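Predicted model only: the values in this text are computed from it and were never measured.
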Amino acid sequence: AGVKRREQALAIQYKRANTTIDITTVTTSQTFSRAMDFSEHGTYKFFLYGDNSNNTFFMRIGTPGNYFEFKTSLDFTGWRLYELDIEDKNRDGQMDRNAERPFGAMWRGRVGSPSLRNITQISVGVIIPPGAPDPAFKKIYIDDIFLTDAVKITGQAYRTNGSFDWPRWGAWGASWR
C-alpha cells in the first residue's frame with residue numbers, strides 16, 4: 001500500500017488577552033544551517049489566509065539583523081497568493097526591481113544590508129495594535145512558500161573525457177569540464 005504524505009499550512013493563532021497600550025508582535029521563524037541563494041530566481045511566492053482582523057501580517061527574508069520585509073493588512077478572509085519581486089540580474093544580491101503586484105504586494109522595508117544570496121532565516125508574524133482584549137482567538141495560515149522564474153544562463157559549456165584500456169595491464173581515464 002502507498003504511504004500518504006500529510007501536508008499542512010503553518011498556523012499562527014493569537015489573542016490579545018488584556019488591554020494593551022503598546023504594539024504586540026507574534027513571530028515565528030525558520031532558520032537554515034546553510035545560507036540559501038534566492039538570486040537565481042525572479043519571484044518569491046506564498047499563500048496567506050487572512051482572518052479579517054485588520055492587524056498587520058509581515059514576512060522577513062535574510063538574516064536576523066539584515067532582511068527584506070513584506071507587510072500587508074489582514075483586512076480579508078480567505079486565501080491569497082502573494083508574489084514578490086526578487087529579480088537580481090547582475091547577481092549582486094540586491095533586487096533590481098520592486099514592482100507592485102496583485103493585492104499591493106511589494107517589499108515594504110529593508111533592515112541592515114540584506115542579500116538575496118545569503119538567506120538564513122524566514123520569519124513571519126502578526127503586528128497587533130494597542131487595544132482591548134480580543135473576545136476570541138484569531139488564526140492566520142501561511143502555506144507553500146516557493147520561488148519561480150529561475151534564471152537562465154546562456155553560453156557554452158565544454159567537456160571532454162577519455163579512457164584507455166590496455167588488456168591484462170590496466171585501464172585509466174580522465175575528464176575535464
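Residues P130 and D22 fail the side-chain proximity criterion, which asks for heavy atoms closer than 4.5 Å. Considering only heavy atoms from C-beta on, L48 comes within 4.5 Å of F76 through its side chain. Inter-residue side-chain proximity for F46 and F70 is flagged as met; some heavy-atom pair is nearer than 4.5 Å. Inter-residue side-chain proximity for Q94 and S113 is flagged as unmet; no heavy-atom pair is nearer than 4.5 Å. Looking at M59 and L84, their side chains never come closer than 4.5 Å, going by heavy atoms from C-beta outward. Annotation: side chain of N54 is in contact with side chain of S73 (closest heavy-atom distance under 4.5 Å).
When all heavy atoms of G125 and I12 are compared, the closest pair comes out as CA-CD1, 4.2 Å. Taking both residues in full, the closest heavy atoms of I86 and M95 are given as CA-CG, 3.9 Å, listed atom of the first, atom of the second, then distance. The minimum heavy-atom distance linking K139 with Y14 is given by the pair N-CE2, 4.5 Å. Here the closest heavy-atom approach between residue H41 and residue A150 is recorded as CD2-CA, 3.8 Å. The minimum heavy-atom distance between A105 and Y82, with the atom names listed, is CB-CD2, 3.7 Å. Considering all non-hydrogen atoms of both residues, A35 and N118 come closest at CB-OD1, 3.2 Å.
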> Would F38 and I61 count as a side chain to side chain contact (heavy atoms under 4.5 Å, CB included) if you check the C-alpha gap in whole Å, the side-chain angles of each, and the deciding distance to 0.1 Å?
Replying inline: CA-CA 10 Å; F38 285 9; I61 64 168; 4.0 Å; yes
> Does the ring-ring contact (aromatic ring centres under 6.0 Å, His included) test come out yes or no for Y44 and F68, once each step is laid out?
Replying inline: CA-CA 12 Å; Y44 179 90; F68 298 102; over 10 Å; no
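Taking the charged nitrogens against the carboxylate oxygens, D134 and K15 have no contact shorter than 4.0 Å, which rules out a salt bridge. Under the 4.0 Å criterion applied to side-chain N and carboxylate O atoms, K45 and D149 are not assigned as salt-bridge partners. A salt bridge between E69 and R108 is absent, with no side-chain N of the basic residue lying under 4.0 Å from a carboxylate O of the acidic one. Ion pairing between R91 and E40 holds under the 4.0 Å rule for side-chain N and carboxylate O.
Residues D37 and S39 bring a donor and an acceptor atom of their side chains to less than 3.5 Å of each other. Donor-acceptor pairing under 3.5 Å is recorded for the side chains of Q121 and T31.
Interatomic distance, I119 CD1 to N66 CG, rounded to the nearest 0.5 Å: 10.0 Å. The OG1 atom of T25 sits 7.5 Å away from the CD1 atom of I128 when rounded to the nearest 0.5 Å. Summarising the geometry, atom CG belonging to D75 is positioned 6.5 Å from atom OG1 belonging to T72; distances are rounded to the nearest 0.5 Å. Note that CZ of R97 and CG of D88 are 11.5 Å apart. Values are rounded to the nearest 0.5 Å. Interatomic distance, N52 CG to L74 CG, rounded to the nearest 0.5 Å: 9.0 Å.
Cluster membership for L147 and I142, using ILVMFWY side-chain heavy atoms within less than 4.5 angstrom, is shared. Tracing side-chain contacts under 4.5 Å through hydrophobic residues (I, L, V, M, F, W, Y), one reaches I122 starting from V26; they form part of the same cluster.
For F58 and Y67, the ring centers are positioned 6.0 Å apart or more.
The side chain to side chain donor-acceptor pair (under 3.5 Å) pairs that include a residue from residues 98-107 are E83-R101, D85-R101, where partners are two or more places apart or lie in different chains.
In terms of modelled atom types and a separation under 3.5 Å, the side chain of N55 and the main chain of V126 share no donor-acceptor contact. Judged by distance alone, with hydrogens and angles left aside, the side-chain atoms of Q30 form no donor-acceptor pair with the main-chain N or O of T120 at under 3.5 Å.
The only member of T28, I145, I140 that meets side-chain contact (heavy atoms from CB on, under 4.5 Å) when paired with L10 is T28.
Taking Ile, Leu, Val, Met, Phe, Trp and Tyr as members and joining any whose side-chain heavy atoms lie under 4.5 Å apart, directly or through other members, the hydrophobic cluster of F47 also contains Y49, W79, L81, Y141, F146.
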